[in-house]
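Comments concern the structure below.
Both counts, for ligands and for their atoms, begin at 1 and track the order of listing.
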Amino acid sequence: MRKNEEKIKIIRSSLALQKNSKKMLAQGKSIGLVPTMGALHKGHVSLIKKSVKDNDITIVSIFVNPVQFGANEDFAKYPRRLLADAKLCGEAGASIVFAPQPNDMYPFPLQTFVHNPALESLYCGAYRPGHFAGVLSVVAKLFNIAAPSKAYFGEKDFQQLHLIRKMACDLNFPVKIIGAKTIREKNGLAMSSRNEYLSLEERVAAGSIYAGFLAAKKLHGQGVVSVAKLKSVVKEIIERASGKVQYVEIVNKNDLMPVRAKVLKKAVVLVACHFGKTRLIDHVEL
Ligand code: PAF
């Protein structure tokens, strides 16, 4: 057993974590925060390890945030396995798992939300109304509770990461936002807690998202800049594998605005699609 594994501490109250962070900061310790909803996988572990390397204390929050789920979404069935997750956190070197109950985070219904009206209704936001306001609001709360100087998020949720960076900058949170590369299965499927919902067949078929990305990248590398062409290649490959595409968009890497006709600057392909009942998102830089 490694040193930190013995020391992993589970804190369930936001007030207790806030006090603990205050104490750590007074002792001159730096705090890294890895916000998660649990069901941890290799992608999360890579974020935790990055934080452990950079900071004296790493806090992993595990909270399935009700406020970011729509009425017909998977809040109730989202996988929850705190003890196994806490063990993984300890093995990765984290110091604290913060695992509050909803009534600790939201003792009263939340009335004050963080919004980004320009971006919260685009792409995933168009299909998940209220989702990004729920994400930004809980991340703002986590920053205020855990007091990190660095916070770590997966690049897989590209729109989410962009919105969190913008929030931290616009609202002067003294937190450096660090994004980490998407970790993929052998067939290219981006690791996600929701992959657990996929049947074996769906998991194989979902590798088509990455195959679509590779095809678009290849075409772009050969000089194809037509947004319509690049989008249709990705869509066709996913649909051929029985995926139901919700959207394929090509956006500017820096401001997330849609690229209308030709890809001339740094751009990213964003995809949301379903395999069976499972909604997956992914992105690639062209
Ligand atoms: O990406 C997630 O797991 C969640 O959206 C986050 C950032 C932990 C907020 O609940």
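There is a side-chain donor-acceptor pair under 3.5 Å between N65 and Q68.
Between T36 and ligand 1, no N or O atom pair is found at a separation short of 3.5 Å. The N/O atoms of N65, backbone and side chain alike, include none that comes under 3.5 Å of an N/O atom in ligand 1.
F69 belongs to a hydrophobic cluster with M37, V64, F75, Y78, Y197, counting contacts under 4.5 Å between side-chain heavy atoms of Ile, Leu, Val, Met, Phe, Trp and Tyr, direct or through other members. Hydrophobic clustering, defined by side-chain heavy atoms of Ile, Leu, Val, Met, Phe, Trp and Tyr closer than 4.5 Å, groups M191 together with I183.
Regarding atom 3 (O) of ligand 1, its nearest protein heavy-atom neighbour is M37 CG, 3.6 Å. The nearest protein atom to atom 9 (C) of ligand 1, hydrogens excluded, is given as Q68 OE1, 3.3 Å; this is a heavy-atom distance. The protein heavy-atom contact nearest to atom 5 (O) of ligand 1 is Q160 OE1, 2.8 Å.
In summary, the atoms of ligand 1 found under 4.0 Å from a heavy atom of D157, numbered by their order in the structure, are 1 (O). Taking every heavy atom of V138 and a limit of under 4.0 angstrom, the matching atoms of ligand 1 come to 9 (C), 10 (O). Heavy-atom contacts of P35 reach the following atoms of ligand 1: 8 (C) (cutoff under 4.0 Å).
K166 has no carboxylate O lying under 4.0 Å from a charged side-chain N of E120, or vice versa, which leaves the two without a salt bridge. Taking a cutoff of 4.0 Å between a charged side-chain nitrogen and a carboxylate oxygen, D282 and R184 qualify as a salt bridge. In summary, K277 and D74 do not engage in a salt bridge, as defined by a charged side-chain N under 4.0 Å from a carboxylate O.
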